[in-house]
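Here's the structure we're looking at; comments come further down.
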Amino acid sequence: MDKPISNENEEKKSLNFIEQLVEKEIKEEKHNGKILTRFPPEPNGYLHIGHAKAICVSFGIAKKYGGKTNLRFDDTNPAKEEARYVDAIKEDIKWLGFEWEGEPKFTSDYFDQLYTWACDLIKKDKAYIDSQSSEEMAKQKGTPTTPGTHSPNRSRSVEENLDLFERMKNGEFEEGTHVLRAKIDMAHSNMHMRDPLMYRIINAPHHRTGDKWHIYPMYDWAHGESDYIEGITNSLCSLEFEIHRPLYEWFVENIKSDMYQPLQSEFARLNLNYTVMSKRKLLQLVEENLVTGWDDPRMPTISGLRRRGYTPKSIIDFADTIGVAKRNNTIDVAVLENSVRNDLNKTAPRVMAVLDPIKVVIDNFTEGEVEWLDAENSQEDESLGFRKVPFTKEIYIEREDFREQANKKFFRLKLDKEVRLKNAYIIKAVSVEKDEEENITVIHATYDPKSKSGSGTEESLRKVKGTLHWVSVSESVDAEIRLYDRLFMNENPDGDKEKDFKEFLNPDSLEVITAKVEPSLKECKSQDRFQFQRMGYFVADNDSTANKLVFNKTVGLRDSWAKKDK
RNA sequence: UGCCCCAUGGUGUAAUGGUAACACAUCGGUUUUUGGUACCGCCAUUCAAGGUUCGAGUCCUUGUGGGGUAACCA
């Protein structure tokens, strides 16, 4: 049982490129061996599975090397951001099981310091106020092959710049009339270095600072500086910020007063097929009521996955499986589904629920009798024990589990053939009743009284190929079941230039049915997860009450019969 | 068009100059009172061409392909 430590180390040897970098820094005692990362969401929407990956990367690397992680809301644009998102984001991170260091931080906490530093840059002649329109400035920016030209305002005096900047701050100007720009190099091959904007005027109240400010810092100016203020050692972000790194470094180098400097590293964001991963598009789905909300179980949001029945562990395992690298990737949703199945297979108690019921009458079973049978709660975890399930003369089975005639490949119930009822008896179908339209309404069967499951009799040990789940007609209860399919029919819904992503919405992504479930489920609580045996994993929805059970389908079981039967 | 990044099975991720591994998917099989789980097997000489080396997926050069980038968004 006790493995040698060296063995474990060998197994874990493989490191992603960020881990390699951090191990190198630790070895070189770069920050005295300290690691502090940050997760910097903008509070303008809910977190999705892509953020979950980023959370696992930033929190994960710190955790692995004995460091900490700050949660910092990047709230530099009051026009787009709202306080309600702050709470949702905190809840999602906590639910995943990560703990941020101290209180949550806000970029807006640093507005004063940022303003002071901006004044310092003006005084050092490294920033100036530009009073042109954005069109004029865009024109002067040049193109990738031709250098830009200087703004006529570039040579304004320090005094004039300082005066204008203060008046901008005080709200004396309209939006769009002035901006503060860094004075770097209008001929730089990296367009981001051609005198980038640091501040713009926004006359909108901020969710935390109210109407104190009329100027707000741009991302590039605020981010590295916030990292510097907090003492972040490794600032991990996605690939599209790679080209911003020289600017990130230029800003920090020009304001810092010591040897310390945070390092930005970039990794590829997560893409999943059959969904969209843009907050703007997810917001559209919510606002146009194409889903029921940010936590609709079809949404790739963390709150949606939670309501769908995903576990924190399954999401963390998923992030671990897909890895961290620099190349663009698209992960098959099947990988995500696999991680939740893996977790739930080990943890979810098994119960019986019939989703599409058809009645079976056991002709030789006593009318009115209820026999309570023992049923194992999990084949994967003995400690979950047993429960009682009621067996009666009339039961329901799944409609698709019966055919009058079928070939040998069909292991389920057919006329004159035997099948085992899970936890109960072996039965044989003898006849059917049909309505005028030839639809089967009732199946008649006989049972073998000596074949009771677990009894150990010769009859019970008989080899029968098929085993069906079932519930008692009189003792079962109704439950609303919400069956979900993928939200989009296209693998890459936002990859078509001609078509809007919403054209690919799957009209059948939600199906609501009423199922018959075993009576033990009456006791279940919201968020309880189960395997409905042979059907899949289901979770009690928040809408579920003692009087009306509601379950969401998390994911189906792997089904090799469904594939063959096609 | 400039600059930056990337290139390993169908999809992802490893191999840190020394026998291309793992996960998912697919297909086939064994076990099974869930057509589940578990287990086994099939599936790539690493974008191309040169070079360095006893030895290259790994280092160098060139090419090709993909992505990013020129918001008063982050």
Side-chain angles (χ1 to χ4, degrees), chain A residues 13-16 20 40-42 44 74-77 79-81 130 133-134 137-138 141-148 175-181 188-194 197-202 215-216 218-220 222-223 237-246 266 268 273 279-280 320-339 341-342 345-346 350 352 376 379-380 409-412 419-424 426 451 453-454 460-469 531-536 556-565:
Chain A
K13 188 172 59 180
S14 158
L15 301 173
N16 67 50
Q20 290 174 30
E42 184 188 11
N44 67 345
D74 213 348
D75 54 350
T76 57
N77 189 349
K80 288 187 179 174
E81 295 148 8
D130 203 341
S133 69
S134 57
M137 283 189 280
K141 198 132 194 176
T143 71
T145 42
T146 56
E175 288 185 12
T177 53
H178 305 279
V179 292
L180 182 72
R181 299 178 74 179
H188 204 287
S189 61
N190 181 340
M191 299 292 284
H192 291 275
M193 298 296 272
R194 321 246 264 223
L197 265 62
M198 294 172 65
Y199 278 97
R200 76 289 210 195
I201 296 169
I202 299 177
I215 54 171
Y216 291 90
M218 301 290 290
Y219 168 85
D220 286 305
H223 204 89
C237 60
S238 47
L239 247 31
E240 69 266 31
F241 292 100
E242 209 155 24
I243 201 159
H244 293 244
R245 196 184 337 132
E266 312 84 10
N273 59 12
K279 275 200 262 184
R280 194 179 59 78
D320 203 44
T321 303
I322 61 175
V324 181
K326 297 195 74 150
R327 57 193 105 101
N328 302 307
N329 61 80
T330 302
I331 310 287
D332 195 328
V333 284
V335 180
L336 217 209
E337 294 175 347
N338 181 66
S339 25
R341 276 197 205 101
N342 264 342
N345 175 49
K346 295 286 183 216
R350 272 62 169 168
M352 294 195 286
E376 195 178 10
Q379 285 64 41
E380 297 292 316
K409 292 266 177 75
F410 186 78
F411 304 158
R412 285 110 103 133
V419 80
R420 189 186 302 275
L421 294 178
K422 182 77 186 168
N423 306 312
I426 294 171
S451 67
S453 291
S460 73
L461 266 18
R462 204 152 75 226
K463 289 284 172 200
V464 176
K465 192 68 183 168
T467 300
L468 307 186
H469 63 282
Q531 185 194 102
F532 289 180
Q533 214 141 40
R534 300 209 306 134
M535 294 280 98
L557 259 27
R558 202 173 270 118
D559 189 349
S560 49
W561 165 247
K563 284 175 196 163
K564 274 193 194 138
D565 197 34

Counting only side-chain nitrogens and oxygens, does Arg534(A) get under 4.0 Å of the OP1 or OP2 atom of G36(B)?
no
CG of Asp74(A) versus P of C73(B): gap in Å, rounded?
13 Å
Same-atom distance (C1') from A56(B) to U16(B), integer angstrom
14 Å
Would you indicate whether the side-chain heavy atoms of Lys326(A) and Glu242(A) approach each other to under 4.5 Å?
yes
Measure from CD on Glu266(A) to P on C5(B) and round the result to the nearest Å.
10 Å
If I take atom CD in residue Gln533(A) and atom P in nucleotide G35(B), what distance separates them, rounded to the nearest angstrom?
9 Å
On RNA chain B, nearest-nucleotide positions of Ala325(A) versus Met137(A): which is more 5'?
Ala325(A)
Using a heavy-atom cut-off of under 4.0 Å over every strand shown, decide if Gln379(A) touches base, sugar-phosphate, or nothing.
base
Of all heavy-atom pairs linking Asn44(A) and Lys279(A), the shortest is OD1-NZ, 2.6 Å
Counting any heavy atom closer than 4.0 Å, what does Ser134(A) reach on the DNA or RNA strands: base, sugar-phosphate only, or nothing?
base
Considering only side-chain heavy atoms of Leu15(A), which listed nucleotide, A38(B), C3(B), U16(B), is closest?
U16(B)
For Glu42(A), answer base if it contacts any base atom (sugar-phosphate contacts may also be present), sugar-phosphate if it contacts only those atoms, and nothing otherwise; contact means non-hydrogen atoms under 4.0 Å.
sugar-phosphate
Which part of the nucleic acid, if any, lies within reach of His192(A) when heavy atoms closer than 4.0 Å are counted: base, sugar-phosphate only, or nothing?
sugar-phosphate
Between A48(B) and A7(B), how far is it from one C1' atom to the other, in whole Å?
12 Å
Report which part of the nucleic acid Phe241(A) touches: base, sugar-phosphate, or nothing (heavy-atom distance under 4.0 Å, all strands).
base
Output the rounded distance in Å from CG (Leu421(A)) to P (U33(B)).
15 Å
The reported gap from CG in Leu461(A) to CD1 in Ile426(A) (rounded to nearest 0.5 angstrom) is 9.0 Å
Could you check whether Thr330(A) gets within reach of a base, just the sugar-phosphate, or nothing at all, counting any heavy atom under 4.0 Å?
sugar-phosphate
Side-chain N or O of Arg200(A) less than 4.0 angstrom from OP1 or OP2 on A74(B)?
yes
Within less than 4.0 Å of OP1 or OP2 of U34(B), is there a side-chain N or O belonging to Arg558(A)?
no
From Thr467(A) atom OG1 to Arg534(A) atom CZ, the distance as rounded to the nearest 0.5 Å
8.0 Å
Going by 5.5 Å between centroids and 30° between planes, is there a stack of Trp561(A) over G35(B)?
yes
Distance between the P atoms of U33(B) and G12(B), in whole angstroms?
40 Å
Can you give the dot-bracket line for RNA chain B, using ( ) for pairs inside the strand, [ ] for pairs that cross earlier ones, | for pairs with another strand and . for unpaired bases, where Watson-Crick and G-U count if both distances are under 3.5 Å?
.((((((..((((....[..))))..((((.......)))).....(((((..]....))))))))))).....
Is Ser453(A) touching bases, backbone alone, or none of the nucleic acid, heavy atoms closer than 4.0 Å?
base
Pairwise P distance for G65(B) and A25(B), with rounding to whole Å
34 Å
Rounded interatomic separation in angstrom, taking CG from Asn16(A) and P from U8(B):
17 Å
dist Trp561(A):CH2 -> Arg412(A):CZ (nearest 0.5 Å) comes out at 6.5 Å
Here the distance between atom P of G36(B) and atom CG of Asn423(A), to the nearest Å, is 18 Å
Heavy atoms under 4.0 Å, any strand shown: does Phe410(A) hit a base, just sugar-phosphate, or nothing?
base
Hey, does the side chain of Arg194(A) come within less than 4.0 Å of U69(B)'s phosphate (OP1/OP2), counting only N and O?
no
Is Ile202(A) close to Glu175(A) at the side-chain level, that is, under 4.5 Å between some pair of heavy atoms?
yes
Among Met535(A), Arg341(A), Gln531(A), which residue satisfies the side chain to side chain contact (heavy atoms under 4.5 Å, CB included) criterion with Leu557(A)?
Gln531(A)
In terms of the nearest nucleotide of RNA chain B, which residue is placed more toward the 5' end: Glu242(A) or Leu557(A)?
Glu242(A)
Mind checking Arg412(A) for me? I need base, sugar-phosphate or nothing, with any heavy atom below 4.0 Å counting as a touch.
base
Can you measure Lys422(A) atom NZ to G36(B) atom P for me and round it to whole angstrom units?
13 Å
Closest to the Pro144(A) side chain, choosing from U1(B), U13(B), G68(B):
U1(B)
Minimum side-chain heavy-atom gap Arg200(A)-Asn77(A) below 4.5 Å
yes
Would you say Lys563(A) reaches U26(B)'s phosphate, i.e. side-chain N/O to OP1/OP2 under 4.0 Å?
yes
Taking only the side-chain heavy atoms of Ala334(A) (C-beta and beyond), determine which of A25(B), G36(B), C73(B) contains the nearest atom.
A25(B)
Hey, does Thr76(A) reach any base, or is it just sugar-phosphate, or nothing, if we go heavy atoms under 4.0 Å?
sugar-phosphate
Please classify the nucleic acid contact of Val335(A) as base, sugar-phosphate, or nothing, using heavy-atom distances under 4.0 Å.
sugar-phosphate
Length of the NE2-P vector between His223(A) and A74(B), whole Å
11 Å
Any side-chain N or O of Ser560(A) below 4.0 angstrom from OP1/OP2 of G36(B)?
yes
Does Lys463(A) make a side-chain N or O approach to OP1 or OP2 of U33(B) shorter than 4.0 Å?
yes
Using a heavy-atom cut-off of under 4.0 Å over every strand shown, decide if Gly454(A) touches base, sugar-phosphate, or nothing.
base
To the nearest 0.5 Å, what is the distance between CG (Asp220(A)) and NE2 (His244(A))?
5.5 Å
Determine the Euclidean distance between corresponding P atoms of G10(B) and U46(B); express it in Å to zero decimal places.
13 Å
Is there, by distance only and without an angle test, a donor paired with an acceptor across the side chain of Gln20(A) and the base of U16(B) below 3.5 Å?
yes
Could you measure between the two C1' atoms, the one in A44(B) and the one in U8(B), and give it in whole Å?
8 Å
Record whether the side chain of Arg350(A) comes under 3.5 Å of the base of U34(B) through a donor-acceptor pair of N or O atoms.
yes
So what does Glu175(A) touch, heavy atoms closer than 4.0 Å: a base, only the sugar-phosphate, or nothing?
nothing
Pairs in or reaching into residues 327-338 of chain A: which pass salt bridge (charged side-chain N to carboxylate O under 4.0 Å, His left out), with residues at least two apart or in two chains?
none
Which part of the nucleic acid, if any, lies within reach of Glu337(A) when heavy atoms closer than 4.0 Å are counted: base, sugar-phosphate only, or nothing?
nothing
If I take atom CD from residue Gln533(A) and atom CZ from residue Arg350(A), how far apart are they, to the nearest 0.5 angstrom?
7.0 Å
Please determine whether a side-chain nitrogen or oxygen atom of Arg341(A) lies at a distance below 4.0 Å from atom OP1 or OP2 of C24(B).
no
Between C47(B) and C6(B), how far apart are the two P atoms, rounded to whole Å?
14 Å
Separation between the C1' atoms of C24(B) and U61(B), rounded to whole Å
37 Å
Locate the shortest heavy-atom distance separating Asp74(A) from His223(A); write the atom from each residue and the value.
OD2-ND1, 3.1 Å
